[in-house]
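Report on one structure; see the data block that follows.
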Amino acid sequence: MRFRAAVMGTFLLVTLAGAEASAQAPPPSAKARQAAVAYANQGWTAYRAHRYRDALQAFRRAEATVHAPTFLIMVARSCHKLGRLTEARSVYQVIVDEQLPADASQAFRQAQAEARTELEAVSSRIPTVEITVTGAGSGGAQVALGGLDVPLSTPVARDPGSHTLAVAAPGRRGLTKEIVLKEGMRTKVEVDLAAGKVRVESDRTGRESGGEPLALGPGQGAADGSAQEGGGPLGPGQGAADGGAQEGGDAADGRPGPRSTAVVFTGLAATAVGTGLGVAFVFLSNGKASSQQRLLEPACTDPARCPGLDLRQYNELGHAKADLANAAVWSFLAAGAAGLGTAAYVLLTGQPDARDATAIGLSVSPMPGGLVISKRW
């Protein structure tokens with residue numbers, strides 16, 4: 001870890017030297033550069049640990065101490081990871097709009113190029129909402145979304161997630177409603193204040209949804225304030241520099257893909273079928289036992305000593321009862337194995353994305369002779 005910190009610190013000191021030529025203010029002191037490096041190291045450690053709030057705070061401190069596009073791009077990426085897409089877009093735009101001097105370092109130029117690509121990607125993911133109000137009367141309506149005023153009949157960008165819509169007008173009863181905005185979606189909200197009704201419609205914005213922040217190119221070292229474990233730069237084909245490598249097998253957004261969903265439903269169906277067969281075999285076995293008992297005379301307890309008993313029929317019913325009881329046991333065992341296997345599969349493969357508001361839950365509960373397993377998407 002000391003070697004890694006030394007490599008990162010040396011690199012950042014070199015890249016920060018370029019800030020002296022680009023800044024209008026006096027060049028940062030050696031003490032300021034060292035402080036910025038320390039903050040950047042803290043930010044990168046938190047970022048790799050998926051503690052994006054801590055990373056955002058650390059990279060902002062680094063940027064406030066010494067300006068560098070390599071710090072700003074990590075601020076934007078941290079906002080991106082936190083789902084604060086509009087804020088991430090603003091930071092990316094600042095990096096793209098900055099006029100770098102002719103002698104700016106290659107790390108600064110690469111950070112600006114990466115910011116340009118990531119700006120386009122994150123912009124495509126920001127949802128928009130357009131709100132219209134009728135029945136407000138002559139006084140007009142005041143509309144707020146998530147506590148912020150919203151102009152009427154004008155598309156506005158908001159972060160994905162749930163937002164509280166509040167509409168008020170003089171002489172009318174106020175109205176509030178939770179509006180869920182999804183990534184890459186254009187939402188239209190029509191409010192009839194007189195009737196107290198809200199209509200919400202959403203469709204795609206027509207832009208492709210962007211992916212995760214891109215890695216800086218090979219040979220650039222930790223131009224974004226990062227370093228690979230061991231001190232080496234991130235090479236080509238090693239995934240995103242944000243440390244968010246995709247888990248293999250399912251959809252890129254972390255939700256179960258069609259194949260995993262089919263496996264879950266197949267397992268649940270096998271559990272239900274096994275349990276149903278087990279219950280049916282139990283009832284059939286009990287029926288054979290009742291038929292066998294009816295063959296015995298009321299006062300006869302030993303079949304071998306009942307003079308009027310059809311011993312052959314009695315034995316056949318006994319064998320059938322035993323076979324059905326065994327079948328019931330095996331059916332319940334198979335149902336339990338299928339249920340436990342399905343539960344294990346869901347627990348091991350379920351990787352819901354933090355940005356997804358869809359609830360995912362698994363419930364496993366016992367019942368007489370088997371298990372009940374349910375999954376909620």
Side-chain angles (χ1 to χ4, degrees), residues 161-162 177-178 180 182 200 202 246-377:
S162 180
K177 183 178 177 61
E178 289 297 314
V180 178
K182 297 183 179 180
V200 181
S202 298
Q246 180 184 342
E247 298 291 338
D250 286 338
D253 59 0
R255 305 181 184 92
R259 179 178 297 177
S260 64
T261 302
V263 171
V264 171
F265 279 110
T266 300
L268 295 178
T271 303
V273 170
T275 303
L277 287 175
V279 172
F281 286 138
V282 168
F283 278 111
L284 291 174
S285 178
N286 290 339
K288 294 298 182 181
S290 298
S291 298
Q292 189 183 37
Q293 188 64 32
R294 283 195 296 270
L295 292 178
L296 295 175
E297 296 178 2
C300 182
T301 58
D302 187 356
R305 297 182 180 182
C306 293
L309 176 65
D310 185 344
L311 192 57
R312 179 180 178 182
Q313 184 180 5
Y314 182 88
N315 290 333
E316 287 178 353
L317 289 172
H319 291 315
K321 177 186 69 174
D323 291 341
L324 290 170
N326 288 333
V329 171
W330 285 108
S331 296
F332 286 133
L333 288 175
L340 292 176
T342 304
Y345 179 82
V346 171
L347 293 175
L348 292 175
T349 62
Q351 299 287 341
D353 195 299
R355 295 184 297 268
D356 189 3
T358 304
I360 299 179
L362 176 70
S363 174
V364 181
S365 57
M367 64 169 288
L371 296 172
V372 174
I373 300 180
S374 61
K375 181 173 174 65
R376 174 169 55 87
W377 284 275

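Keep in mind that the numbers below use all heavy atoms, side chains included, and drop hydrogens, waters and symmetry copies.
Listed by chain and number, the residues in a side chain to side chain contact (heavy atoms under 4.5 Å, CB included) with L277 are V273, F281, S331 (sequence neighbours excluded). Residues meeting the side chain to side chain donor-acceptor pair (under 3.5 Å) test with S202, sequence neighbours left out: T187.
Note that the CG atom of N286 and the NZ atom of K321 stand 9.5 Å from one another [nearest 0.5 Å].
The shortest non-hydrogen separation linking T342 to G267 is OG1-CA, 3.1 Å. Contact between F332 and V279 at its shortest, heavy atoms only, is CZ-N, 3.6 Å. The two residues A328 and G278 have their closest heavy-atom pair at CB-O, 3.6 Å.
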